[in-house]
Amino acid sequence: MSEHHYTNLQIAALFKKMAAAYQILNENRFKIIAYERAADSIEHLTSEVKDLWDDKKLKDIPGVGDQIIAHLDELFRTGKNKHFDATMAKVPQGVFPLLNVPGIGPKRAYKLVTELKLHNEKSVVDDLQKAAKKGKIAPMEGFGEKSEEDILKNIEIYKKGSIKENRITLAEADMIAAEILSFMKKHASINQIDALGSLRRRVATIGDIDISILSDKPKSAIEHFCSYPNQKIIEKGPTGASILLHNGRQVDLRVQEKKSYGAMLQYFTGSKNHNIQLRTYALSKGYSLSEYGIKKTKSDGKVMLFDNEKDFYNYLGMQWIPPELREDRGEIAAALQNKLPALVEEHDIKGDFHIHTSFNLEPSHDLGADSIEDILDTASLLNYQYIGVSDHNPSVSQHTEAKIIDIMKRRKEFYLTHTDKWNEKHHRNIHVFVMLEVDIDPEGHLSLPEKAFDSVDAVIASIHSSFQQDRASMTSRLIRALSDNQKVKIIGHPTGRLLGKREGYEVDWMKIFEECKKRDVALEINSSPYRLDLPDSLVFDAIKHGVRFVVNSDAHAKGEMMLMPYGVTVARRGWSQKRDIYNTSSYNEIIKWLT
DNA sequence: GCCGTTTTCGGCCCGACTGTTTTCAGTCG
């Protein structure tokens, strides 16, 4: 029996196309929603649908029921699905590329494709652009001069690279938001301003930037927002506006008075799925929620107002839910039972194990930019009790074993003497663990001679090559690395993803979690905004297996040690408590585990 | 087509904005 492979993104895209096709075919709208929901949850899944199918666990995916399971089964077994094919065949293929143009949904796409006879799937966007320029859209029923202009404008935006696919890192979004916030704060009409949406939930990558304003003079606040330099106004109304920055980033603004500001914060923070679940739960209790407040469904329509979020959640009989948890991962059920985790906080972090210095041990990767003294200065500022210097291992190809062992001995001596001097000079007692970030070779062995391990306290094992191995090979490679040497205490940036550049490798994470738990090896939560690795959804899964973590900066310069808060938010998004993170322990505790 | 501390049947989040309308459909978040 042959099997066919589909990635999660392919399946999600297929389901989205099905939802669009159903919309054009005027199918039951809840069926449409069902496919959209299934697509959404598959897109955010941490395991491969194909693997769940192998394990007969498709039922575990939220929004996937008996029907969709049967369709997926046919797809994986035969490489096609008769029902999907038959449905798609009823819809002209040209509609699908058009759905990527902002403002064009299934209905309009269908109308445009059929009436303008845009049948070439590959050139349909260009063909539509030509038709619009010739004025062929304005006369169509349901369209007009303005919609023709909008379509042209939106095709331009689409061609620049759609925002949805072109997400930026959280750190970049923080900078853009900070500029807008400081611009807005200058205006007298603004009492309070907050970045909401995925920014407030601290999601690893950001599409749009959402901002809310507390103001009694919404009109003047919105005017000021629309005067932000270098932007285009997308829409503007009495309660808010949207602008497009010159860098292609969209910023959505909503304004609210104090008496409803809590409801606004709740609504505009999302996530969409969290809000849907919360509103569904509320409905079952006889309440309807909106950004204005809460009203009883069987009443005169009077809305109860909330000026803060805590009261809003409490009114529904649940704890206030921290924004990082609002992803529809069971947070509502937990909040109802008063069982939300006490999340780890920035100030709980007592040290950082993954710092590169400028000490030259001739590695095959990069050195850090700053000296051990500079690093200690920063550690002192951060109130750390301890740090780990984890430079890359000396290049194996360019040195003999004896030479490597020698470098490693000198390095240890160097760090110890320099640390002693620094501590003496500054009347401090920061402990430096002499560690090393060691490559895991393609077979799963560590790229360091056995005897060189004598010169380190502990090791971070990381993959830096051969990313393309298949799932089984990568899994056994990591498992071998975990047991290769007793001093392996941490797996560095475990999935290897680079946000916007490279997907993580394929790994059977459940097996890795079990092995980590067994060997008391921690998974790193790497705070680099380009990594944020382990990703939050896998942190969430790992905790269920009893795995613990270290949050590290992976700093290659002293300033990067300040990025630790990004890692902490990843831990929080994965429901981590203080006890789940090793480097919240004091020095006296941590040495029991690390050495 | 999914789902269940109100239901295995009968529900399914809520509102803003836009353009083309004359009360609404489509799209978005």
Side-chain angles (χ1 to χ4, degrees), chain A residues 15 18-20 22-24 26-41 58-59 61-72 83 87 98-99 101-112 137-151 153-154 163-164 196-198 207-210 212 222 233-242 250-256 260 263-264 266-295 297 303 317-318 328 332-333 336-337:
Chain A
F15 284 6
M18 280 298 290
Y22 277 152
Q23 217 159 329
I24 290 164
N26 284 318
E27 258 288 358
N28 177 327
R29 65 190 185 97
F30 297 110
K31 199 164 163 179
I32 297 163
I33 292 169
Y35 270 90
E36 279 169 348
R37 173 158 149 72
D40 195 60
S41 86
L58 289 178
K59 196 86 191 77
I61 306 173
V64 172
D66 294 341
Q67 300 266 340
I68 290 184
I69 288 174
H71 288 317
L72 284 173
H83 173 65
T87 309
L98 290 189
L99 298 177
V101 178
I104 299 185
K107 298 277 187 174
R108 280 181 185 165
Y110 180 70
K111 202 157 190 180
L112 291 165
I137 292 174
M140 288 169 61
E141 196 192 333
F143 292 85
E145 293 289 340
K146 189 67 170 57
S147 17
E148 190 169 81
E149 270 175 48
D150 286 348
I151 285 174
K153 203 167 68 185
N154 285 327
I163 291 164
K164 277 175 197 161
L196 303 180
S198 48
D208 296 344
I209 291 172
D210 299 317
S212 80
I222 290 166
I233 297 167
I234 297 174
E235 62 183 29
K236 189 170 148 189
T239 63
S242 294
Q250 182 173 329
V251 187
D252 297 328
L253 174 87
R254 297 295 295 268
V255 186
Q256 189 59 269
S260 279
M264 165 62 79
Q266 196 291 315
Y267 152 74
F268 213 23
T269 297
S271 67
K272 187 177 151 195
N273 285 332
H274 172 81
N275 283 358
I276 289 174
Q277 291 308 311
L278 192 69
R279 288 170 180 200
T280 305
Y281 171 76
L283 268 187
S284 75
K285 296 289 171 197
Y287 298 111
S288 171
L289 313 183
S290 77
E291 59 263 51
Y292 298 103
I294 301 178
K295 65 183 174 194
T297 40
V303 180
M318 63 183 78
D328 190 21
I332 292 170
L336 281 167
Q337 295 169 36

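Chain identifiers are assigned alphabetically (A, B, ...) following the order of the sequence lines, protein sequences preceding nucleic acid strands; residue numbering begins at 1 within each chain. Just so it is clear, the values below take in all heavy atoms, side chains as well, and ignore hydrogens, waters and symmetry mates.
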* To do: Kindly point out which of B:dT6, B:dT27, B:dG1 is positioned nearest to the side chain of A:Ser284?
  => B:dT6

* To do: Output yes when at least one side-chain N/O atom of A:Lys285 is less than 4.0 Å from OP1 or OP2 of B:dT6, else no.
  => yes

* To do: Could you check whether the rings of A:Tyr35 and A:Phe15 sit parallel, tilted or perpendicular, using 30° and 60° as the cut-offs?
  => perpendicular

* Touch check for A:Phe268, heavy atoms < 4.0 angstrom, all strands: base, sugar-phosphate only, or nothing? -> nothing

* **Sugar-phosphate only, base, or nothing, as touched by A:Leu289 at under 4.0 Å among non-hydrogen atoms** => sugar-phosphate

* Have a look at A:Leu278 and say if it touches a base, only the backbone sugar-phosphate, or nothing, with a 4.0 Å heavy-atom cut-off. => nothing

* If you measure from the C1' atom in B:dT27 to the same atom in B:dT20, how many Å do you get, rounded? -> 14 Å

* Which is true for A:Tyr110 with a 4.0 Å heavy-atom rule: it touches a base, it touches only sugar-phosphate, or it touches nothing? -> nothing

* To do: Considering only atom C1', compute the distance from B:dG10 to B:dG15 and round it to an integer number of Å.
  => 25 Å

* Asked: How is A:Asp150 classified with respect to the nucleic acid when contacts are heavy atoms under 4.0 Å: base, sugar-phosphate, or nothing?
  -> sugar-phosphate

* Asked: Base, sugar-phosphate, or nothing for A:Glu145, non-hydrogen atoms under 4.0 angstrom?
  -> sugar-phosphate

* Provide the distance between the two C1' atoms, one in B:dT23 and one in B:dT18, to the nearest whole Å. => 15 Å

* To do: Name the residue closer to the 5' end of DNA chain B, choosing between A:Tyr287 and A:His83 according to the nucleotide with the nearest heavy atom.
  => A:His83

* Asked: Checking all strands, does A:Arg29 fall into the base, sugar-phosphate, or nothing category for heavy-atom contacts under 4.0 angstrom?
  -> nothing

* Paired with B:dG4 by Watson-Crick or G-U wobble geometry, both distances under 3.5 Å: which nucleotide is it? -> B:dC9

* **Shortest side-chain distance from A:Tyr22, nucleotide among B:dC13, B:dG1, B:dT20** => B:dG1

* Structure fact -> Among the nucleotides B:dC14, B:dG26, B:dC17, whichever has the atom closest to the side chain of A:Lys107 is B:dG26

* To do: Just call it for A:Gln277: base, sugar-phosphate, or nothing, with non-hydrogen atoms closer than 4.0 Å on any strand.
  => nothing

* With sugar-phosphate meaning primed atoms plus P, OP1 and OP2, does A:Ser242 contact a base, only sugar-phosphate, or nothing at under 4.0 Å between heavy atoms? -> nothing

* If you check the A:Pro106 side chain, which of B:dA16, B:dC14, B:dT27 turns out closest? -> B:dT27

* **Distance in angstrom units between A:Leu58 CG and B:dC3 C1', rounded** => 17 Å

* Asked: Looking at A:Lys59, does any N or O in its side chain come under 4.0 Å of the phosphate oxygens OP1/OP2 on B:dC3?
  -> yes

* Asked: 5'-most contact on DNA chain B: A:Ser290 or A:Gly63, nearest heavy atom basis?
  -> A:Gly63

* Send over the distance from A:Phe143 CZ to B:dT18 P, rounded to a whole Å. => 18 Å

* Under 4.0 Å: is that the gap between some side-chain N or O of A:Ser288 and OP1 or OP2 of B:dC13? -> no

* Measure from CD on A:Glu235 to P on B:dG26 and round the result to the nearest Å. => 18 Å

* To do: Using a 4.0 Å heavy-atom cut-off across all strands, classify A:Gly240 as base, sugar-phosphate, or nothing.
  => sugar-phosphate

* Is any side-chain nitrogen or oxygen of A:Lys272 closer than 4.0 Å to OP1 or OP2 of B:dG29? -> no

* According to a strict under-4.0 Å criterion, is A:Tyr281 in side-chain N/O contact with OP1 or OP2 of B:dC12? -> no

